Amino acid sequence: MQTISAYAGQLSLRIEEYRGHGQKEATKHRPATNAAHPDNHEITLKSQAESLIANEQLLFDTSITEAMRVAHEATGKVIELRSEIDQALTDDTLDSQVEADLSNDRNSLVQATASRITAEVEWRGFRAANSITDSPRYPESQIWHWSLIVAFVFIETLVNAFFYQNNNGLIGGFIVAAAVASVNMGSAAILGTLFRRKNLADPVQKYFGWACLPIFFLLTVFCNALFSAFRSAYESVIDPSDTGEMAVAFRSAWEEAAGIFVFDFHFGDFSSFLLFMSGIILSGIAFWKGYTSDDPYPGYSDRDRRLKAAKMNEEQAQERIKQKLKDSLFSHRSRVQGLAAQPGTQIALLSRRIADVSHAQQGLVSRAEAIERDHHLVLDSYRHANLAVRGTEPPEYFARKPDLAAKINANSAENAHVELRQALAEVETLQGTYRDALNEKLKLLQERASQILSDTYEKFVEAVRKEAQQLVQQDIQIMPAQK
């Protein structure tokens, strides 16, 4: 669809063109002296001018139609707004909606709170039973904690591979070294983990934990003496795949290692001594990493993790409920705010349309006059150029010029002004009638929102806490009957 634009002096650009037409026609003694009607050049020019006038009229009529539409919509909007405002002012569903929101999520929050209470009781009970006063201490990542042991096992394997190499070279030594490192550091780490039980109040657990310490010392010394002695015996093994030879070498190493407890142990060479000392040190590191792999009180970290998870779950449930309340309160408040703002929006729109109509009326008149003026200028240039050349009298119509501006009709602007001002008056009356009532309603909603998010919500949380306590107590009473 072609876009219609306002007049921008298009006719004035044809002055030179029509001056040339006038001169050319004069050399042919045209138009004739007795001609009763304008020639084709003047008709074409007039048609263009009338088309431009029609475009201006169409633009004006379109503006008036749009203004009338806005006025009619505003009048209908007043009726609609009055009904909506009356409903909003008498709306008392906020409390019931809040109550419904709280009821819908009450059970989930009760369960979350009950879980938190249960986890908290277990946590406190464990602390009291074991006389714990410190916060739990345990690594956040078990993978990162044990990665050091894995690295040490790998390093010990690489180093021991040189100690255990024989006729099969480093490959055979690597396999034996991997087994030695795994047994040496693995057993130390396990005993370190079990040693934590010495901190528990249960005598059986406490004695068991303390028993792990001498076991660790004895096992570490014996195993590393055994590995050291086996290193010398392993070097003499011709075929490591021969189980008979390996058994003989291992029995020899075992007998030699057993003598360390009666101070009858001899290192075969300096490499065996290095193997023994490095094994003792790495076993000590593995024992310490095992001891610090979790809280010194076994079971304390598990209870602490459960308590943290239960607290987070409860907080998230509370936050969801609180956010739902905020959304409900915002919905009620934004509805009233929107109704209070709509009259002002309509007033601004109507005022702008009134100004647009006046501007469209003035534009229609001024541009129609400009089209007529430019048409006359082009027409004069044509006729004057013709008169300057021709040798006969000009036709009689050369003395007349068409009145194009009289063809416009701007009377509809007054009707549009009347409609817009009537609609504007109705909107202003509506705004004045309900302004104070809406502001008071907003104030009440704000006060009620503050009360709901503080007192009502806190009472709800307290009621949930009591219900959760009752639920925990019921579970305690039911549990014996379920056994």
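The first residue in the sequence is number 1, and the count goes up from there. Owing to the predicted nature of the structure, the values given are computational and were not obtained by experimental measurement.
- Checked for salt-bridge contact, E319 and K322 miss the test: no charged N lies under 4.0 Å from a carboxylate O.
- Side-chain N or O atoms of S351 include none that pairs as donor or acceptor with a backbone N or O of A348 at under 3.5 Å.
- Pairs engaging residues 435-447 under the side-chain hydrogen bond (donor to acceptor under 3.5 Å, both in side chains) rule: Q431-R435 [sequence neighbours left out].
- Checked for salt-bridge contact, K46 and E42 miss the test: no charged N lies under 4.0 Å from a carboxylate O.
- Screening R390, R383, H384 for a side chain to side chain donor-acceptor pair (under 3.5 Å) with N386, the sole residue that qualifies is R390.
- Residues in residues 325-345 take part in these salt bridge (charged side-chain N to carboxylate O under 4.0 Å, His left out) pairs, two or more places apart or across chains: D91-R335.
- To the nearest 0.5 Å, atoms OG (S366) and CD (E56) are separated by 8.0 Å.
- A tilted orientation is assigned to the rings of Y291 and F195, their planes being inclined by 30° to 60°.
- A salt bridge links D105 to K324: at least one charged side-chain nitrogen sits closer than 4.0 Å to a carboxylate oxygen.
- Counting only distance, with no hydrogens or angles, the side chain of S358 and the backbone of I354 share a donor-acceptor pair below 3.5 Å.
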Would you please test Q323 and R320 for side-chain hydrogen bond (donor to acceptor under 3.5 Å, both in side chains) and show each step? CA-CA 5 Å; Q323 187 59 47; R320 284 195 300 269; over 6 Å; no

So T93 and H332, side-chain contact (heavy atoms from CB on, under 4.5 Å) or not? Walk me through it. CA-CA 9 Å; T93 61; H332 279 76; 3.5 Å; yes

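- The main-chain N or O of K24 is found under 3.5 Å from a side-chain atom of T27 such that the two form a donor-acceptor pair.
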Considering only distance and modelled atom types, tabulate donor-acceptor pairs under 3.5 Å from the side chains of residues 131-139, sequence neighbours left out.
residue : atom : partner : partner atom : Å
Y138    : OH   : D304    : OD2          : 2.7

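- Side-chain atoms of H375 never come within 3.5 Å of backbone atoms of I371 as a donor-acceptor pair (strictly under, hydrogens ignored).
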Report the C-alpha separation of Y300 and D294 in whole Å, then their side-chain angles, then the decisive distance to 0.1 Å, and conclude whether the side-chain hydrogen bond (donor to acceptor under 3.5 Å, both in side chains) test is met. CA-CA 9 Å; Y300 191 18; D294 209 334; over 6 Å; no

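- The backbone N or O of G299 lies less than 3.5 Å from no partner atom in the side chain of D302, so there is not a single donor-acceptor pair.
- L325 contributes atom CG, which lies 8.0 Å from atom CZ of F460 (distance to the nearest 0.5 angstrom).
- Between atom OG1 of residue T113 and atom NZ of residue K311 there is a gap of 12.5 Å, rounded to the nearest 0.5 Å.
- Atom CD of E419 is separated from atom CG of L424 by 13.0 Å, given to the nearest 0.5 angstrom.
- Proximity of a side-chain donor or acceptor of S63 to a complementary backbone N or O of F60 within less than 3.5 Å is not detected.
- The backbone N or O of A405 lies less than 3.5 Å from a partner atom in the side chain of E372, making a donor-acceptor pair.
- Side-chain contact check for D61 and Q57: at least one donor-acceptor pair (N or O, by modelled atom type) lies under 3.5 Å.
- With values rounded to the nearest 0.5 angstrom, R14 atom CZ is found 6.5 Å from H21 atom NE2.
- A donor-acceptor pair is defined here as one N or O able to donate and one able to accept, closer than 3.5 Å; no such pair exists between the side chain of S115 and the backbone of A310.
- Shown are D86, L339, L81; of these, the side chain to side chain contact (heavy atoms under 4.5 Å, CB included) with Y434 is made only by D86.
- Donor-acceptor pairing under 3.5 Å is recorded for the side chains of Y7 and D374.
- Summarising the geometry, atom CD1 belonging to I452 is positioned 5.5 Å from atom CG belonging to D95; distances are rounded to the nearest 0.5 Å.
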Can you list the steps and then say if N55 with L59 is a side-chain contact (heavy atoms from CB on, under 4.5 Å)? CA-CA 6 Å; N55 287 344; L59 291 174; 5.5 Å; no

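- Taking each heavy atom of N199 and P296 in turn, the nearest pair found is ND2-O, 2.8 Å.
- When atom types are taken as modelled, the side chain of N104 and the backbone of A100 share a donor-acceptor pair closer than 3.5 angstrom.
- When atom types are taken as modelled, the side chain of S51 and the backbone of S47 share no donor-acceptor pair closer than 3.5 angstrom.
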